Amino acid sequence: MKKNLFFTFCFSFIPGAGQMYQNYMKRGLSLMCIAGIAFILATMLETVIFLIPFLIIMAYSFFDTYNIRNAIGTENEIKDNYILEVNGVDFDKIKGNRLLGVGILLVGIYLLINNVLYNMVRYSEIDFLVDFIRTIRMYFPSLIVSAITIGIGIKMISKK
């Protein structure tokens, strides 16, 4: 059943919300997560180039909402699947994802450095330690994204 066109229009501006409004929960959740990651990368790295993927995801989500709405009730109805399929992995059955765990661990390390260690050392008399923690704090997100990008590149090159 097709939903209200006005609400579809309103929700289509939020990546994934328009899909969820049309009862495509997996697709909407995927788009929300991908857009959130792109936005977080753009703000943490303070690099304008990372806003481009976020804007592309927003545009895709907007038009995908209307493609779903127009396909409902026809023979071309779109199936509700996650956006990214990884070699037949069923994300519904995954209980503990290592990649997610590593991501959460890295965020925790960054928060520890940023909020705890830096504030503890900043009031001490050890200037070299303050400068060291400040440097780590400033470049940690860029270092992690660079390492992940290099790792993905190496993995893609080494595939047969």
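Fair warning: this is a prediction, and the values are worked out from it, not measured in the lab. If you read the sequence from its start, that first residue is 1, and numbering goes on from there.
Note that the NZ atom of Lys79 and the CD1 atom of Ile68 stand 14.0 Å from one another [nearest 0.5 Å]. Rounding to the nearest 0.5 Å places CD of Gln22 at 11.0 Å from CG of Asn67.
The salt bridge (charged side-chain N to carboxylate O under 4.0 Å, His left out) pairs that include a residue from residues 61-74 are Arg27-Asp64, where partners are two or more places apart or lie in different chains. Sorted by first then second residue, the salt bridge (charged side-chain N to carboxylate O under 4.0 Å, His left out) pairs that include residues 33-44, not counting sequence neighbours, number zero. Pairs of residues two or more places apart, or lying in two chains, never qualify as salt bridge (charged side-chain N to carboxylate O under 4.0 Å, His left out) while including a residue from residues 8-18.
Partners of Phe63 under the ring pair (Phe, Tyr, Trp, His ring centres under 6.0 Å) rule, at least two apart in sequence or in another chain, do not exist in this structure. Contacts of Ser12 classified as side-chain hydrogen bond (donor to acceptor under 3.5 Å, both in side chains), with partners at least two apart in sequence or in another chain: none. Partners of Asn76 according to the side chain to side chain contact (heavy atoms under 4.5 Å, CB included) rule, which considers only residues two or more places apart in sequence or in another chain, are Thr74. Residues satisfying the ring pair (Phe, Tyr, Trp, His ring centres under 6.0 Å) criterion with Phe9, sequence neighbours excluded, are Phe13. For Ile52, the side chain to side chain contact (heavy atoms under 4.5 Å, CB included) partners at least two apart in sequence or on another chain are Ile49, Ile56. For Phe39, the side chain to side chain contact (heavy atoms under 4.5 Å, CB included) partners are Thr43, Phe54, not counting sequence neighbours.
The heavy-atom pair separating Asn4 from Thr8 by the smallest distance is O-OG1, 2.8 Å. Ala38 approaches Ile57 most closely through the heavy-atom pair CB-CD1, 4.1 Å. Residue Leu31 comes nearest to Tyr60 through the heavy atom pair CD2-CD2, 3.8 Å, listed as atom of the first residue, atom of the second, then distance. Pro15 approaches Ala35 most closely through the heavy-atom pair CB-CB, 3.7 Å.
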- Task: Would you check, one step at a time, whether the test side-chain contact (heavy atoms from CB on, under 4.5 Å) holds for Tyr66 with Leu5?
- Result: CA-CA 9 Å; Tyr66 287 100; Leu5 186 59; 4.0 Å; yes
- Item | Verdict with supporting geometry, Met32 and Gln19, side-chain contact (heavy atoms from CB on, under 4.5 Å) | CA-CA 10 Å; Met32 278 188 174; Gln19 287 77 7; over 6 Å; no
- Are Phe11 and Thr65 close enough, and set up right, to give a side-chain contact (heavy atoms from CB on, under 4.5 Å), and what steps lead you there? CA-CA 9 Å; Phe11 286 126; Thr65 299; over 6 Å; no
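Both Ile78 and Ile72 belong to a common hydrophobic cluster when Ile, Leu, Val, Met, Phe, Trp and Tyr are linked at side-chain heavy-atom distances under 4.5 angstrom.
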